[in-house]
Amino acid sequence: MRYSQLLLPTLKEVPADAEIVSHILLLRAGFIRKLTAGIYSYLPMGLAVIRKVENIVREEMNRAGAQELLMPMVQPADLWVETGRYKKYGPELLRFRDRHDRESCLGPTHEEVITDIARKELHSYRDLPVNLYQIQTKFRDEIRPRFGLMRGREFIMKDAYSFDVSDAAAEVSYRKMYDAYKRIFSRCGLDFRAVQADSGAIGGSFSHEFMVLAKTGEDTIVVCNTCEYAANMEKAVVKLRIGASTETLAELKKVETPGKRKVDAVCDFLGIGPEKLVKTLVFMADGKPVAVLVRGDREVEEVKLKNLLGVADVEMADDLEVFNATGVPTGYLGPVGIAIRVVADQEVAAMQNFYVGGNEKNYHLQNANLGRDFQVEAIADLRQITTTDPCPECGGALSLTEGIEVGHVFKLGTGYSQSMNATFQDSDGQEKHFVMGCYGIGVSRVVAAAIEQNHDENGIIFPVPLAPCTVIILNLGGKDEKLTAVAEKLYKDLQEAGIEVLLDDRDERPGLKFKDADLLGIPYRLTIGNSYAKSGKVEVRRRRDAVIEEMTPDEAVTNLSDRITAELRK
RNA sequence: CGGGGCGUAGCGCAGCCUGGUUAGCGCGCCUGCCUUGGGAGCAGGAGGUCGAGUGUUCGAAUCACUCCGCCCCGACCA
């Protein structure tokens with residue numbers, strides 16, 4: 001590629017509507033441009049990076065035995081009605097009618113379509129296992145798109161679906177994808193963790209998220225310092241340490257707490273620690289109030305609550321909703337005699353003689369006890385894990401980090417094959433439902449995540465496998481024919497050595513070329529300038545550590561090609 | 001959808017509060033000269049329905065109302 005002929009509009013200034021590094025740098029480096037909220041065009045160099053990721057994904061998927069196909073983006077609503085998701089999916093699913101007034105939607109994911117293919121084309125256990133994948137543009141009408149490629153409404157995703165004869169076979173397919181994902185993200189040069197996303201009621205871990213570690217990550221993940229345990233904060237299992245207490249149950253007493261509403265204020269006033277107090281929080285679960293009991297110094301994990309209640313949405317109730325539901329002002333709410341559903345965190349069930357709200361303004365209750373003074377509908381792990389909690393696997397210490405979810409593997413079971421009646425005939429002659437799995441990778445998000453993890457104040461620092469090209473040649477000779485000839489020869493020689501190279505042949509001053517080369521993040525820079533006239537040597541500089549070596553042009557070609565192949569082989 | 005903010009040249013912004021010449025500045029772009037190892041300099045030039053509509057006014061980028069778009073904070077997810 002010749003820079004002079006490339007659409008590569010770099011920006012000196014930081015675009016106003018970009019917040020995080022990857023977004024800023026993708027715009028500044030001329031890789032993407034925004035069309036409208038959450039929807040971007042990939043300019044040539046940006047697309048080159050996307051292709052790099054796609055190819056790595058493709059190679060590893062194929063290696064794992066998956067087959068590529070391509071499904072339609074426009075899908076008939078009927079299919080979604082079959083699985084019940086046409087109602088369930090919500091406004092994120094973009095729906096529309098075609099000219100014949102047929103209900104349609106843009107595919108945010110493809111379980112329905114792939115299951116339709118399976119039920120039509122796969123009939124025998126002999127056809128299984130099968131794993132089909134595609135790399136395609138998805139559309140999800142996100143409530144709030146943000147951060148450039150990180151959370152777009154339109155984005156490129158690799159989605160794969162496996163079909164197996166049995167649970168055990170599906171687990172083998174799952175494991176294959178899990179391993180393939182590890183290889184994919186390693187090859188992309190990313191620092192990542194595979195974290196447990198849902199241990200579910202079944203036990204076992206059938207869903208993992210692949211998280212790239214970066215401060216700008218939208219998810220918090222919990223990592224064990226000693227064992228391999230890693231989980232999304234939302235799902236991290238809190239291991240209860242407190243055994244049944246030996247404390248004898250004391251008499252329930254009403255205590256006055258005038259004007260004391262917050263946990264801190266109540267504890268100060270009563271001279272107790274927050275671990276002796278249980279707070280009663282009200283959530284609106286699909287619009288209906290539910291009281292949740294947690295220890296005074298704990299936070300409710302809404303995802304856990306949502307899963308326990310089996311509802312689509314939970315939200316903290318506001319003061320008015322609380323009052324309307326219970327007749328008690330916030331701050332004095334308690335489980336004793338409360339009028340709404342109550343669930344409790346497991347920790348509360350292990351506590352004795354604690355303080356709770358008195359369900360009356362300016363009063364709390366002392367020596368409350370679950371079972372004796374009030375009942376709850378369920379006792380479960382409902383609170384957020386903290387770094388003072390032990391690892392649920394080995395009991396070791398935990399730490400928290402931020403992560404960007406770039407991949408997700410999920411064992412689906414027979415949910416879709418049942419609702420869509422997708423069956424095959426097994427070796428015993430029985431009709432059985434396919435056991436399915438699905439596996440996603442956010443291809444465009446990988447690019448953003450890679451930049452979040454690989455940049456400095458001057459711009460992007462691409463890992464070699466993701467770089468749009470691996471070498472940029474800077475001809476600083478201007479109109480000097482000798483230097484230009486050297487640059488042109490290097491350009492040709494490198495290409496012949498199979499290296500992707502960008503030749504900056506623009507009639508620009510050196511400073512500008514240096515700045516652009518750094519911004520673009522191309523791993524190696526080859527400079528032909530004044531020193532060549534003196535010593536006959538060109539300069540090879542590595543972007544990541546700015547280490548410079550001087551050598552003859554011929555040496556540069558072999559040197560670069562050796563280093564690049566070595567890095568690609570890693 | 002709730003809360004906060006923004007919309008003036010390709011990009012970044014000033015002007016608006018307190019209405020009044022021809023709407024400015026930096027970068028970028030075009031022409032010429034000059035310059036060539038870290039975003040040079042000089043000279044000249046092009047480029048604007050001031051997001052849209054309605055209203056107030058002798059007069060609106062500026063005031064009011066409505067709409068649209070975009071960004072940030074929350075629920076969603078690759």
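Throughout, protein chains are lettered first and strands after them, A, B, ... in sequence-line order, and every chain is numbered starting at 1. Everything quoted here is computed from the prediction, not taken from an experiment.
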- If you measure from the C1' atom in B:A14 to the same atom in B:A9, how many Å do you get, rounded? 14 Å

- With the side chain defined as heavy atoms from C-beta on, A:Leu476 is closest, among B:C72, B:U36, B:G37, to B:G37

- Task: Kindly determine whether A:Glu112 and A:Thr83 satisfy side chain to side chain donor-acceptor pair (under 3.5 Å), including the steps that lead there.
- Result: CA-CA 7 Å; A:Glu112 280 78 3; A:Thr83 57; 2.7 Å; yes

- Query: Closer than 4.0 Å, any side-chain N/O of A:Lys306 to the OP1 or OP2 of B:C76?
  - Reply: yes

- Item | Nearest-angstrom distance from the residue atom CG of A:Leu305 to C1' of B:A75 | 14 Å

- Query: A:Glu142 side chain: which of B:G37, B:C27, B:A78 is closest?
  - Reply: B:A78

- Choosing from B:C77, B:G28, B:C73, which nucleotide comes nearest the side chain of A:Phe147? B:C73

- Task: Give one of base, sugar-phosphate or nothing for A:Glu539, where a contact means two heavy atoms less than 4.0 Å apart.
- Result: base

- State whether A:Glu103 and A:Arg95 are salt-bridged, where the test is any N-O pair (Lys NZ or Arg NE/NH1/NH2 against Asp/Glu carboxylate O) under 4.0 Å. no

- Task: Could you tell me whether A:Glu13 contacts a base, only the sugar-phosphate backbone, or nothing, with contacts defined as non-hydrogen atoms closer than 4.0 Å?
- Result: base

- Task: Identify the residue among A:Asp518, A:Ile522, A:Leu520 that makes a side-chain contact (heavy atoms from CB on, under 4.5 Å) with A:Arg543.
- Result: A:Asp518

- Query: Which listed nucleotide (B:C76, B:G38, B:G37) is nearest to the side chain of A:Lys515?
  - Reply: B:G38

- Given the P atoms of B:G53 and B:G69, what is the spacing between them in whole Å? 16 Å

- Task: Indicate whether the side chain of A:Tyr416 and that of A:Arg85 have a donor and an acceptor atom separated by less than 3.5 Å.
- Result: yes

- Message: Looking at A:Glu452 and A:Lys215, is any side-chain nitrogen of the basic one under 4.0 Å from a carboxylate oxygen of the acidic one?
- Response: no

- Gap in Å between the two C1' atoms, one belonging to B:C63 and one to B:G19, rounded: 8 Å

- Message: Pairing check on B:G74: which nucleotide meets the Watson-Crick or G-U wobble criteria with it, both distances under 3.5 Å?
- Response: B:C1

- Item | Distance, rounded to the nearest Å, where A:Arg541 contributes CZ and B:G38 contributes P | 12 Å

- May I ask you to verify if any side-chain N or O of A:Arg144 is less than 4.0 angstrom from the OP1 or OP2 atom of B:A75? no

- Look at all strands and tell whether A:Ser531 reaches a base, only sugar-phosphate, or nothing, counting heavy atoms closer than 4.0 Å. base

- Message: Regarding A:Asp516, tell me which of base, sugar-phosphate or nothing describes its non-hydrogen contacts under 4.0 Å with the strands shown.
- Response: base

- Using a heavy-atom cut-off of under 4.0 Å over every strand shown, decide if A:Asn530 touches base, sugar-phosphate, or nothing. base

- Message: Work out how far the P atom of B:U54 is from that of B:C72, and round it to whole angstrom.
- Response: 32 Å

- Give A:Val14 one of three labels, base, sugar-phosphate or nothing, depending on what nucleic acid heavy atoms sit under 4.0 Å from its own. sugar-phosphate

- Identify whether any heavy atom of A:Asp480 sits under 4.0 Å from a base atom; if not, whether one sits that close to sugar-phosphate; answer base, sugar-phosphate or nothing. nothing

- A:Val303 or A:Ile548: which one's nearest nucleotide on RNA chain B is closer to the 5' end? A:Ile548

- A:Arg33 near the nucleic acid: base, sugar-phosphate alone, or nothing, with a heavy-atom cut-off under 4.0 Å? nothing

- Task: Check every atom of B:A78, B:G28, B:G12 against the side chain of A:Ala16 and return the nucleotide holding the closest atom.
- Result: B:G12

- B:A61 and B:U8, which share atom name P, separated by this distance in whole Å: 15 Å

- Query: Taking only side-chain nitrogens and oxygens of A:Thr36, does any of them come within less than 4.0 Å of OP1 or OP2 of B:C70?
  - Reply: yes

- Steps toward side chain to side chain donor-acceptor pair (under 3.5 Å) verdict (A:Glu402, A:Thr220): CA-CA 5 Å; A:Glu402 261 62 57; A:Thr220 304; 3.2 Å; yes

- Item | Among B:C76, B:A78, B:G39, the one nearest A:Leu519 by side-chain distance | B:G39

- Message: In whole Å, measure the gap between the C1' atoms of B:C6 and B:A78 for me.
- Response: 30 Å

- Separation of A:Asp507 atom CG from B:G37 atom C1', in whole Å? 16 Å

- Inter-nucleotide C1' distance (B:G4, B:G48), Å rounded: 30 Å

- Compare the ring of A:Phe155 with the six-membered ring in the base of B:A78 and state whether they stack (centres under 5.5 Å, planes under 30°). yes

- Message: Heavy atoms only, 4.0 Å cut-off, all strands: where does A:Lys513 land among base, sugar-phosphate and nothing?
- Response: nothing

- Message: Under 4.0 Å, counting only non-hydrogen atoms across every strand here, what does A:Gly152 touch: a base, just sugar-phosphate, or nothing?
- Response: base

- Testing B:A78, B:C73, B:A40 for proximity to the side chain of A:Arg146, the answer is B:C73

- Could you check which of B:A78, B:G39, B:C76 has an atom nearest any side-chain atom of A:Arg28? B:G39

- When you compare B:C34 with B:C16, how far apart are their P atoms, in angstrom units rounded to a whole number? 44 Å

- Message: For a quick check of understanding: with a heavy-atom distance under 4.0 Å over all strands, which category does A:Glu209 fall into, base, sugar-phosphate or nothing?
- Response: nothing

- Assert: residue with more 5' nearest nucleotide on RNA chain B, out of A:Pro15 and A:Ala37, is A:Pro15

- Message: Taking the minimum atom-to-atom distance to the side chain of A:Glu405, which one of B:C77, B:C70, B:C76 wins?
- Response: B:C77

- Base, sugar-phosphate, or nothing for A:Ser444, non-hydrogen atoms under 4.0 angstrom? nothing

- Quick one: label A:Arg525 by what it contacts on the DNA or RNA (base, sugar-phosphate, nothing), any heavy atom closer than 4.0 Å. base

- May I ask you to check whether A:Tyr178 and A:Phe206 place their ring centers less than 6.0 Å from one another? no

- What nucleic acid atoms does A:Gly407 come within less than 4.0 Å of, heavy atoms only: base, sugar-phosphate, or nothing? sugar-phosphate

